[in-house]
Amino acid sequence: MNTGGRHSRNQQNTAPRRMDRMSRAGALLLIAALLVYSAGDLWQNIAWPPFFSFDETLEIDYVYQLTQGHLPTFFGGAEFNPLNLTYPYDVQWRYQHPPLFYALEVPVFLLFDTLHHPIRGIWAMRILVWVMGVLLIVASRWTAKWVIGHENMVVCLVPVIVAANRCLPSVVFNYTLASLWVTLLIGMSAKLVRTMSLPERQSQPGTLRTIVAWWLIVILAPLTRLSTVPIMGLCLLIVFLAACWMGHAGRTGLSGRTGNISVRIRNILVLCLLPGLAAVLSSAWFYLRLHALSGNFTGSQPEWSRTHLQRDTHKSFIASLLDPHFYKSTMSQYQNSAVTNTGYGWAFVLLLTIIPMLIGFIVLIVWVIRQWREQRPTDDTGRPATLIALMLILAFGGTVFQQLLFYMQGGSDNAVYFSLISIVFAIVIAVGFTEPAFLLPHWMMNSVIVIWLALKLAALLLEAKLKWPFAVGGAMEHAGTVMQAGAWSALAVSVIGVLLAVITVCLCSWPSTGRSESE
């Protein structure tokens with residue numbers, strides 16, 4: 001009997017079936033992620049009624065000033081006040097943000113006549129933010145697939161972990177768009193790096209559609225939020241290193257010409273230098289304007305913050321670096337500050353963020369080493385894995401450094417600033433949850449994921465108990481039954497989403513992040 005041939009055919013038949021199961025599980029987890037995110041967003045919008053937050057009021061004021069044909073200035077104050085509210089400060093401290101998010105909100109502001117129907121208009125603008133969040137969830141799966149290189153458990157889990165981030169459900173704030181843009185930057189960078197390493201895919205980065213998409217993402221990045229600029233620079237650097245590093249030992253460039261230095265020069269020019277220059281040209285006017293208004297390119301007003309907000313603007317970098325409160329606050333990605341500030345807040349920060357991230361980064365390095373050891377002579381998986389892992393590590397470390405500098409100058413140690421790299425948190429945590437599967441049994445890894453999801457859900461339910469908006473003195477104390485039904489529905493849908501994710505994880509057997517059976 002030809003047992004070898006039969007075994008080979010069995011392997012060929014088994015691999016597609018496993019990939020089909022993986023695809024179904026990925027679809028279910030994506031649905032779970034959308035349920036979790038949408039429920040969290042509805043809860044956030046009910047807990048923060050219109051005009052409850054002065055920050056949201058100023059965000060909408062920014063949109064209003066754009067409809068009047070000008071950008072806001074710091075000491076110009078808020079111009080949009082349809083309810084004749086008393087604002088605490090006669091300034092517009094959102095003026096330092098680039099205008100892309102607010103420009104996207106302008107049509108909604110005008111279409112729903114927010115000036116004369118402010119409550120209706122604000123809810124419509126919040127819906128647009130929810131749409132951006134949905135796009136972020138979908139884009140996170142695409143990005144994870146290019147980062148890992150193929151469909152596997154990490155790719156399936158990433159949207160759920162992104163959706164679990166309590167900093168992303170939002171009212172009219174620009175964080176969601178910035179997080180979406182960073183996700184696209186990292187995903188497109190990973191795609192370019194991986195495509196340049198595979199001879200059979202050499203034509204892909206050179207297609208007009210890919211180049212136009214990459215250019216558009218890079219050019220608009222500095223206009224989303226200032227903190228996207230370092231991430232954009234990092235991604236351009238990684239693509240530059242890939243263009244220089246790939247092509248050795250018979251590898252090819254975008255045009256498929258082996259070892260041709262002109263191909264590498266073309267890659268560097270088309271994918272790095274020209275889009276980077278275009279990004280500078282598209283946004284320099286805004287940052288030069290900030291420098292003219294405030295004396296610095298960030299538009300920060302440290303002296304005003306010290307005088308009016310009683311912030312310490314003279315902390316040293318070492319003192320900030322060693323301040324445990326900074327990490328407790330900024331790393332509370334998966335629970336609200338109401339939970340973080342309790343006596344057991346550190347437990348949630350450690351179990352949901354810090355410990356999974358620490359394990360994830362260690363496993364990520366091990367994963368890179370395995371890629372080098374297991375790569376075949378006919379392919380090149382070590383180099384792209386190294387560059388992509390470096391991108392994730394530097395994106396996280398650079399954001400921590402950037403926020404420490406901000407904290408030194410009296411800035412808030414708010415976890416929402418780290419929502420910018422929610423995709424990095426999600427990928428690193430997912431890698432830490434799944435890659436040790438080659439050492440540990442799958443049921444044990446699945447149990448860790450289930451426990452993490454249960455803790456995340458417990459944090460949301462605890463948040464609801466601690467800051468129930470309809471309680472006496474709550475933000476929605478006098479709200480009617482519709483809003484109360486909406487709050488209960490949001491919590492119920494969140495439970496359903498987490499249960500769907502838990503059931504899907506428990507019923508599936510996952511390959512590790514190494515080479516898939518279909519390769």
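Throughout, numbering of the chain's residues begins at 1 and tracks the sequence.
- In this structure a side-chain-to-backbone donor-acceptor pair under 3.5 Å is missing from T353 to L350.
- Between the R383 side chain and the W245 main chain, a donor and an acceptor come within less than 3.5 Å of each other.
- The structure places CD1 of I122 at 13.0 Å from NE2 of H117, a figure rounded to the nearest 0.5 Å.
- Between F317 and F401, the ring centre distance stays below 6.0 Å.
- Listed for the D41 side chain is no donor-acceptor partner under 3.5 Å among the backbone atoms of Y37.
- Between F396 and F361, the distance separating the two ring centers is shorter than 6.0 angstrom.
- Looking at S320, its side chain does come within 3.5 Å of a backbone N or O of S316 through a donor-acceptor pair.
- Rounding to the nearest 0.5 Å gives a distance of 9.5 Å between CG of D323 and CG of L404.
- Between S227 and Q402, the closest side-chain pair of non-hydrogen atoms falls below 4.5 Å.
- Between P72 and R289, the shortest heavy-atom distance links the atoms O-NH2, 2.7 Å.
- Side-chain atoms of R311 and Q409 form no donor-acceptor pair, as typed in the model, at a separation below 3.5 Å.
- When each of Q44, E56, E105 is paired with R126, the side-chain hydrogen bond (donor to acceptor under 3.5 Å, both in side chains) condition holds for E56 and for no other.
- Atom CH2 of W123 has more than 12 heavy atoms from other residues, nucleotides or ligands within 6.0 Å.
- Proximity of S294 to F74: side-chain heavy atoms (C-beta onward) are nowhere separated by under 4.5 Å.
- No side-chain N or O of W43 forms a donor-acceptor pair with one of S494 less than 3.5 Å apart.
- Note: Y89 and W304 meet the aromatic proximity criterion, with ring centroids under 6.0 Å apart.
- Sorted by first then second residue, the salt bridge (Lys or Arg N to Asp or Glu O under 4.0 Å) pairs that include residues 212-233, not counting sequence neighbours, number zero.
- T57 places none of its side-chain heavy atoms less than 4.5 Å from the side chain of D61.
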Check your understanding: side-chain contact (heavy atoms from CB on, under 4.5 Å) between F101 and T176: does it pass, once the steps are laid out?
Key -> CA-CA 9 Å; F101 170 78; T176 308; over 6 Å; no

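- G121 and T114 make their closest contact through CA-OG1, 3.3 Å (heavy atoms, listed as atom of the first residue, atom of the second, distance).
- Expressed to the nearest 0.5 Å, how far OG1 of T330 lies from CZ of F418 amounts to 4.5 Å.
- Side-chain N or O atoms of S419 include none that pairs as donor or acceptor with a backbone N or O of S422 at under 3.5 Å.
- From T73, atom OG1 reaches atom CG of L290 across 11.0 Å, with rounding to the nearest 0.5 Å.
- To the nearest 0.5 Å, atom CD of residue Q301 and atom NE2 of residue H308 are 11.0 Å apart.
- For F54 and W93, the distance between ring centers is under 6.0 angstrom.
- Looking at every heavy atom in both residues, A338 comes nearest to L466 through O-CD1, 3.4 Å.
- V160 places none of its side-chain heavy atoms less than 4.5 Å from the side chain of V36.
- For the atom pair CD1 of I429 and CE of M357, the computed distance is 6.0 Å after rounding to the nearest 0.5 Å.
- For the 3.5 Å distance criterion, the side chains of Y64 and E79 fail to qualify, holding no donor opposite an acceptor.
- The six-membered or imidazole ring of Y334 lies near that of W452, with a centre-to-centre distance under 6.0 Å.
- L387 pairs with exactly one of I238, V368, V239, L237 by the side-chain contact (heavy atoms from CB on, under 4.5 Å) rule, that one being I238.
- With Y62 contributing its side chain and Q92 its backbone, the two residues share no donor-acceptor pair below 3.5 Å.
- Of the N and O atoms on the side chains of T340 and Q335, at least one donor lies less than 3.5 Å from an acceptor on the other residue.
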Show the atom names and distances, to 0.1 Å, of all donor-acceptor pairs under 3.5 Å that link a side chain in residues 270-283 to residues at least two apart or in another chain.
from : atom 1 : to   : atom 2 : distance (Å)
S282 : OG     : I219 : O      : 3.0
S282 : OG     : A278 : O      : 3.4
S282 : OG     : A279 : O      : 2.8
S283 : OG     : A279 : O      : 2.8

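- There is a side-chain donor-acceptor pair under 3.5 Å between T298 and N296.
- A donor-acceptor contact shorter than 3.5 Å links the side chain of T386 to the backbone of G382.
- Counted by atom type alone, N174 and Y102 present one or more donor-acceptor pairs between their side chains at under 3.5 Å.
- Closest of all the heavy-atom pairs between P159 and R141 is CG-CB, 3.6 Å.
- When all heavy atoms of T228 and A221 are compared, the closest pair comes out as OG1-O, 2.5 Å.
- Side-chain atoms of N81 come within 3.5 Å of backbone N or O of N84 as a donor-acceptor pair.
- Ring-centre distance between Y407 and Y417: not below the 6.0 Å cut-off.
- Applying side-chain contact (heavy atoms from CB on, under 4.5 Å) to T434 and the options L157, I148, V155 leaves one that passes, L157.
- Contact of the Q96 side chain with the S300 side chain is not registered, since no non-hydrogen atoms from C-beta on lie closer than 4.5 Å.
- Looking at heavy atoms from C-beta onward, Q68 lies out of side-chain contact with F80 at the 4.5 angstrom threshold.
- Between the side chains of T183 and S140, no donor N or O sits under 3.5 Å from an acceptor N or O.
- Taking the side chain as every heavy atom from C-beta outward, P107 and F109 never approach each other to under 4.5 Å.
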Check your understanding: Does the pair R94 and D55 meet the rule for a side-chain contact (heavy atoms from CB on, under 4.5 Å), with working shown?
Key -> CA-CA 8 Å; R94 317 299 284 187; D55 281 351; 3.7 Å; yes

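- Closest heavy-atom contact between G187 and W146: O-CB, 3.9 Å.
- Atom CZ of F240 has 12 or fewer neighbouring heavy atoms from other residues, nucleotides or ligands inside a 6.0 Å radius.
- Side-chain atoms of R120 and D113, non-hydrogen and from C-beta on, do get closer than 4.5 Å to each other.
- When atom types are taken as modelled, the side chain of S332 and the backbone of S337 share no donor-acceptor pair closer than 3.5 angstrom.
- For residues 268-301, every residue pair satisfying the ring pair (Phe, Tyr, Trp, His ring centres under 6.0 Å) rule, not counting sequence neighbours, is listed here: H291-F297.
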